[in-house]
2 protein chains.
Amino acid sequence: MATGRTHRPATRSRGIPEATVARLPLYLRALTALSERSVPTVSSEELAAAAGVNSAKLRKDFSYLGSYGTRGVGYDVEYLVYQISRELGLTQDWPVVIVGIGNLGAALANYGGFASRGFRVAALIDADPAMAGKPVAGIAVQHTDELEKIIHDNGVSIGVIATPAGAAQQVCDRLVSYGVTSILNFAPTVLSVPEGVDVRKVDLSIELQILAFHEQRKAGEEASSQDAAQPVAPPVRPAPAAGTEDGHDDSDRKGPDGDVPAVMPA
Amino acid sequence: MATGRTHRPATRSRGIPEATVARLPLYLRALTALSERSVPTVSSEELAAAAGVNSAKLRKDFSYLGSYGTRGVGYDVEYLVYQISRELGLTQDWPVVIVGIGNLGAALANYGGFASRGFRVAALIDADPAMAGKPVAGIAVQHTDELEKIIHDNGVSIGVIATPAGAAQQVCDRLVSYGVTSILNFAPTVLSVPEGVDVRKVDLSIELQILAFHEQRKAGEEASSQDAAQPVAPPVRPAPAAGTEDGHDDSDRKGPDGDVPAVMPA
DNA sequence: ATGTCTTTGTGAACGCGTGCACAAAGATGG
DNA sequence: CCATCTTTGTGCACGCGTTCACAAAGACAT
């Protein structure tokens, strides 16, 4: 959840805590839903429930933006939608390039949540020449060679990486060199970027592993004794040290579950 | 990055901080890569660099698992891989169902990172009868009606929701009623679940919005004055609230509530 | 106006997470 | 066996984020 790369140097931006910024989109979504139902005002309690957070937290979050509420009444929905949108920078147009048009890239291109929030897919890029020209989500896929021109012509500052892990760093470097300063990374790799470039990562596998941890804990509490066989590796030895001979087995180089997925971002 | 729903009641599990749990998969990936290169041991410094974190943090994280390192040497890669896998519950098989086989669902089904981490796609579910039987990622899509039987027969405890927002809560309720206790939600909605059920959410739009915020800030620091026109909503009024008496009844509130609230309440 | 009721905005306390800095532990070499 | 060097494991301090609890502010009724 966090800017994986660079530790938090300028975490705090202009008085608005990072944790609060991360929740603003959540509030915005809830407010938008209310707006569509023509609800004029909401209390912090109601809105908090809709957004799934604590009401005190919500009020404190809003207090960083200013005093936009009316005591005894609540918040004006339309006004708040505008204020949050402005704070998040959604009142302007953000051209975005998506690199790596596999299953995931295509899903992203088709994702409706982008356009409705001020994001515009400026181009779909893929390294495979066979993909070039092929329409995905109504946009013709372009080859990587076009990347620089596209970024310059459209003033793209946000890039989405949906390539396999092996290509991610290379793609990232190119994006950055062409002027992209914010990257959303779906490839399961740690990206290295220069100072000033923001990286956020979404890793499907990691999310599942975290769930598995809690799931195991839940199961373990009920029945402390193991019930499931352990089909994976055996207990392995803790390495007693002594004469170190590396030696055996090296046939497993790129073999099994290599991080390089044949299909998609693994 | 958090269990959207239920506040954090049992955040701390068994002495292992949630923040540490969230990083374990990261370490595991880095260690797996080292393992494939037959590297026998790593220092906290090296591993930390590979995982993109601080070495002190990494050592402290590992200290929650136990003393698995050797001073003056480092950590045994294979052993650590096993220990972390076991801690995360990856030494056992986790059958998973994916509900909603659209672009995103298909991408998830094809995602290689699952199988390599102990997760097995037990079934692909879609509400569209036309999808039934259609093979995706080598697995035939099944209709929602089969959900209960599939979950029971396979002992599924983890479900992935990749449906449109409108259907998410309903799908969630069904999964939970059939015994699923961990949910990975890709739909842009706040899910309500009973106590004891874990929910993690991945929201593509939110990630982009957070990036936009920082991007705007970066741009704003260089040129404080705005350069882009505001194509979205105008400044709107902050809600007058009538301090004094307004001569006539001002009905300049929202337009008539003729708006169609056709959208799902969710 | 005045009183009551609702809801915001925030001061303050608390807990978690992070990072520093160092002592302890073990390897390694003589 | 002793000296030295490397690297872990952790005590401690600090800062961020969360939550409580309440005074202030305004709406509303009388």
Side-chain angles (χ1 to χ4, degrees), chain A residues 1-4 6-13 15-24 27 40-49 51-77 79-80 83 238-244, chain B residues 1-3 6-13 15-24 27 40-49 51-76 79-80 83 238-246:
Chain A
M1 72 218 37
T3 309
T6 317
H7 319 298
R8 43 237 46 181
T11 304
R12 182 66 55 89
S13 64
I16 301 183
E18 184 62 23
T20 294
V21 172
R23 281 188 293 268
L24 290 182
Y27 302 143
T41 61
V42 269
S43 67
S44 62
E45 205 69 50
E46 294 169 321
L47 186 55
V53 302
N54 184 298
S55 69
K57 192 187 297 185
L58 179 143
R59 286 198 300 276
K60 178 145 288 189
D61 283 342
F62 285 174
S63 76
Y64 292 116
L65 307 183
S67 285
Y68 295 150
T70 303
R71 302 183 188 221
V73 177
Y75 299 91
D76 182 280
V77 173
Y79 186 58
L80 204 47
Q83 289 299 342
T244 22
Chain B
M1 62 178 88
T3 309
T6 316
H7 318 298
R8 44 238 47 175
T11 305
R12 182 67 56 89
S13 64
I16 301 183
E18 186 61 24
T20 294
V21 172
R23 280 188 294 268
L24 289 182
Y27 302 143
T41 62
V42 268
S43 66
S44 63
E45 204 70 50
E46 295 169 319
L47 185 55
V53 303
N54 183 298
S55 69
K57 192 187 299 185
L58 178 143
R59 287 198 298 277
K60 179 148 293 191
D61 282 342
F62 285 175
S63 76
Y64 291 116
L65 307 182
S67 285
Y68 295 150
T70 304
R71 302 182 188 223
V73 177
Y75 299 91
D76 181 278
Y79 187 59
L80 204 48
Q83 289 300 342
T244 59
E245 82 301 283
D246 251 357

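Proteins get letters first, then strands, A, B, ... in listed order; numbering begins at 1 in each.
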- Query: Given A:Leu65 and A:Ile16, is the side-chain contact (heavy atoms from CB on, under 4.5 Å) satisfied, shown in steps?
  - Reply: CA-CA 8 Å; A:Leu65 307 183; A:Ile16 301 183; 3.7 Å; yes
Set out, line by line, the N/O atom pairs under 3.5 Å between protein and nucleotides 3-5 of chain C.
none

- Query: Listed by chain and number, what are the side-chain hydrogen bond (donor to acceptor under 3.5 Å, both in side chains) partners of A:Ser43, not counting sequence neighbours?
  - Reply: A:Glu46
- Task: Please state how far atom CG in B:Asp61 lies from atom C1' in C:dT18, giving the value in whole angstrom units.
- Result: 10 Å
- Side-chain atoms of B:Glu18 come closest, of D:dT18, D:dG17, C:dG17, to C:dG17
- Note on the structure: The salt bridge (Lys or Arg N to Asp or Glu O under 4.0 Å) partners of B:Arg23 (sequence neighbours excluded) come to B:Asp61
- Query: D:dG9 C1' sits how many Å from B:Leu65 CG, rounded?
  - Reply: 13 Å
- Message: Side-chain N or O of A:Lys60 versus OP1/OP2 of C:dT10: is the shortest distance under 4.0 Å?
- Response: no
What N/O pairs connect the protein and nucleotides 6-8 of chain C at under 3.5 Å? Give each pair on its own line.
from: C:dT7; atom 1: O4'; to: A:Gly72; atom 2: N; distance (Å): 3.0
from: C:dT8; atom 1: OP1; to: A:Ser44; atom 2: N; distance (Å): 2.5
from: C:dT8; atom 1: OP2; to: A:Ser44; atom 2: OG; distance (Å): 2.6
from: C:dT8; atom 1: O2; to: A:Arg71; atom 2: NH1; distance (Å): 2.9

- Message: Nearest whole Å is fine: how far is D:dC16 P from A:Ile16 CD1?
- Response: 15 Å
- Task: Give the rounded distance in Å between these two atoms: CG of B:Leu58 and P of C:dG19.
- Result: 12 Å
- Message: Check the phosphate of C:dG17 against B:Asn54, side-chain N and O only, distance under 4.0 Å to OP1 or OP2. Yes or no?
- Response: no
- For A:Tyr75, which residues count as a ring-ring contact (aromatic ring centres under 6.0 Å, His included) partner, sequence neighbours excluded? A:Phe62
- Query: Is there a side-chain contact (heavy atoms from CB on, under 4.5 Å) between A:Val42 and A:Val77 once you walk through the steps?
  - Reply: CA-CA 7 Å; A:Val42 269; A:Val77 173; 3.9 Å; yes
- Give, for atom OH of B:Tyr27 and atom OG1 of B:Thr20, the distance between the pair rounded to the nearest 0.5 Å. 7.0 Å
- Message: Quick check: closest heavy atoms across A:Tyr64 and A:Gly15, and the distance to 0.1 Å?
- Response: CD2-O, 3.6 Å
- Message: Taking side chain to side chain contact (heavy atoms under 4.5 Å, CB included) as the definition, give me every residue that meets it alongside A:Ser55, ordered by chain and number, with sequence neighbours left out.
- Response: A:Ser44, A:Glu45, A:Ala48, A:Arg59
